[in-house]
Amino acid sequence: MNGTMLQGFSWYLDADGRHWRRLTEDAQMFADNGITAIWLPPAYKGMAGGLDVGYGVYDLYDLGEFDQKGSVRTKYGTKAEYLAAIEALHKAGVQVLADIVLDHRMGADGTEDVMAQEVASCNREEPVSDIHPIKAWTRFDFPGRGNTYSAFKWGWNCFHGVDYDEATKHNGIYLFQGKHWSEQVDHDDNGNYDYLMGCDVDEMYQPVFDELLRWGEWYLKTCGIDGFRLDAVKHMDRQFYLRWLPALREEFGRELYCVGEYWSPSVDELLAYLGGEKVMSLFDVPLHYHLFEASSSFGNMDLTRIFDDTLVGRDPWHAVTFVENHDTQPGQALQSFVQEWFKPAAYALILLRLDGYPCVFYGDLFGMPNDGNIPAVRELPLLMELRRRFAYGAQHDYLDDPDLIGWTREGDSEHGNAGLAVLLTDRCGGRKRMYVGAGHEGERWMCVIGQEDDTTVGADGCITCACAAGSLSVYVPERTAEVLENDVVRYERDVPYDLATHLPAPDEHARLEAAKIETLAEEKEEGSDPSPAPPRARQ
Ligand code: CA
């Protein structure tokens with residue numbers, strides 16, 4: 001069966017402590033809808049206690065069990081509820097991937113006097129002060145947990161640096177004396193992008209490495225998860241996961257599927273990070289930006305290049321394709337929200353094709369009521385069903401028109417009634433004749449997403465598909481349409497696509513382009529943003 005991952009949360013879920021219970025109740029429903037793996041949010045206590053989304057990590061051993069940071073439970077519930085959710089998902093046949101955040105720590109219990117040097121926020125290799133004493137929030141004693149599970153206490157020498165001096169109340173990035181930023185990190189931003197936020201963990205410092213390995217063993221034994229989603233890997237020493245993952249895999253004798261978040265639009269950077277060893281897959285960030293661009297470029301994105309310089313185009317076996325996540329949704333720092341009118345097409349591009357391991361976003365599947373009341377993507381359950389049951393067999397691509405692209409799947413002998421045809425546009429509507437396989441000759445095919453008439457497969461094994469301006473059409477054999485579990489989406493669109501609003505007057509377009517180039521030039525001149533707001537900081 002085609003695998004589909006679900007990102008099992010969005011940023012602004014209610015902090016009601018009920019999420020693990022919700023996922024427990026929904027486990028079978030996820031499986032029935034073709035979800036084969038779910039990426040759960042960080043399960044350990046963050047500095048904001050019961051409100052923390054999970055990325056402000058305080059104590060990796062507190063999965064909602066100890067009274068720390070003002071709460072026993074996390075935003076999502078208690079440890080017992082977390083374990084129950086994993087059990088229910090496993091029972092339903094869904095793999096569980098845990099979100100692993102090892103780059104930084106936040107919410108220290110106490111300060112230490114440390115010798116440090118402030119560095120420029122736009123170039124972390126450039127000192128802007130002498131080495132001098134600062135008061136750093138770097139003591140992690142975990143008084144609420146004590147020595148349960150681990151007696152390891154964290155102090156300044158477990159970190160490279162911090163972003164605050166309590167003595168002078170000064171915000172700035174401080175590198176501790178005797179420490180160096182890791183070399184094998186992203187260097188395209190800020191000189192050296194090891195430092196992201198909070199206390200930057202020196203993950204290759206042997207006592208820290210050993211402790212993180214002990215924690216990984218404890219976590220796997222305690223929770224029995226199947227793999228990991230690895231946070232912020234471009235801010236961590238590349239050697240860390242090259243050592244940490246094989247050690248765990250060997251000890252547990254398991255595959256431990258992993259997908260890393262390396263946030264860069266450059267496929268070359270992603271491929272360089274994967275290197276020859278390939279201990280993980282990566283999210284296809286370049287493809288996300290292509291989908292975003294297609295949705296917001298007034299029809300000017302060249303759709304023939306949608307998969308050019310993407311990870312799924314260059315290394316499909318290590319690409320996790322996605323449309324949206326908790327960082328790209330509105331209100332978040334990497335906001336690049338694929339516009340609603342293009343969402344169904346974007347999901348067709350990741351769900352109905354041969355290549356890539358697609359990840360569906362919780363906020364798109366269920367909507368985001370706490371975030372500007374963004375609705376669910378109405379076509380998504382049907383697209384997921386089409387992937388699960390019918391998106392099989394040889395693929396024929398028609399990525400041959402800048403405004404109108406399509407592809408077909410022939411179906412195969414293992415999956416009854418399989419085969420489909422897809423046509424989509426980011427501008428005006430159109431038609432395309434596409435080969436669906438000689439075996440389908442004479443069949444009636446029905447448009448199950450879109451507003452087009454049925455059509456018949458010719459003696460040449462081809463059908464003529466059509467789609468309306470700014471829309472998606474998906475065709476399947478008529479007998480397939482009859483057995484669909486989800487409702488066919490024959491619309492009148494929810495989100496009207498209006499050429500007048502999506503295609504600005506030529507002058508206006510030229511003005512927007514000029515403004516964009518000007519902004520890029522200014523950014524280049526300034527080096528980078530002078531206020532180093534961490535890309536994820538919310539708390
Ligand atoms: Ca780091």
Side-chain angles (χ1 to χ4, degrees), residues 42 44 46-47 54-60 99-108 114 116-127 136-138 140 154-164 171-213 215-216 228-245 258 260-264 269-270 272-273 279-280 282-283 285 327 333-334 528-529 532-539:
Y44 19 82
M47 70 177 291
Y55 295 101
V57 185
Y58 166 68
D59 183 3
L60 291 171
D99 200 326
I100 302 293
V101 188
L102 302 183
D103 171 71
H104 51 267
R105 292 300 175 93
M106 298 175 116
V114 195
Q117 189 168 34
E118 189 179 354
V119 298
S121 64
C122 59
N123 179 5
R124 281 79 186 276
E125 302 287 10
E126 184 193 331
W137 285 94
T138 43
F140 289 78
W154 296 64
W156 74 268
N157 55 2
C158 298
F159 305 108
H160 292 119
V162 290
D163 62 353
Y164 184 69
N171 287 299
I173 298 179
Y174 293 94
L175 176 65
F176 296 148
Q177 187 175 27
K179 294 283 186 181
H180 304 277
W181 304 124
S182 298
E183 270 308 305
Q184 293 194 36
V185 295
D186 170 38
H187 286 263
D188 286 357
D189 298 296
N190 304 322
N192 172 311
Y193 215 167
D194 186 356
Y195 188 86
L196 177 63
M197 64 169 83
C199 301
D200 184 61
V201 173
D202 184 355
E203 56 267 357
M204 295 307 284
Y205 176 53
Q206 199 60 47
V208 168
F209 184 90
D210 294 344
E211 169 64 3
L212 292 177
L213 191 56
W215 173 76
F228 304 123
R229 178 267 182 189
L230 306 169
D231 185 62
V233 296
K234 80 172 185 177
H235 306 286
M236 297 175 65
D237 193 312
R238 183 168 174 273
Q239 290 302 318
F240 177 77
Y241 281 124
L242 288 179
R243 286 178 52 189
W244 193 78
L245 288 173
C258 286
E261 177 220 22
Y262 191 108
W263 196 264
S264 167
E269 268 188 58
L270 268 49
Y273 181 81
V279 296
M280 65 180 78
L282 290 177
F283 286 107
V285 178
D327 284 327
L334 299 171
S528 96
D529 188 338
R536 287 177 172 287
R538 178 154 175 267
Q539 287 83 10

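Every number for a ligand or one of its atoms is a count from 1 in the order of the listing.
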Aromatic rings Trp156 and Phe176: how do their planes relate, parallel, tilted or perpendicular, breaks at 30° and 60°?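 Trp156 vs Phe176 ring planes: perpendicular.
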
Which of parallel (below 30°), tilted (30 to 60°) and perpendicular (above 60°) describes Tyr193 and His235?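 Ring orientation of Tyr193 relative to His235: perpendicular.
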
N/O/S of Glu203 less than 3.0 Å from the Ca ion (ligand 1)? no

Is there an N/O/S atom in His160 that lies less than 3.0 Å from the Ca ion (ligand 1)? no

How is the N/O/S atom of [X] that comes nearest to the Ca ion (ligand 1) named?
X      : result
Asp103 : OD1
Asp200 : OD1
His235 : O

Side-chain donor or acceptor of [X] paired with backbone N/O of [Y] under 3.5 Å:
X      : Y      : value
Trp181 : Arg124 : yes
Asp194 : Ser182 : yes
Glu203 : Asp237 : yes

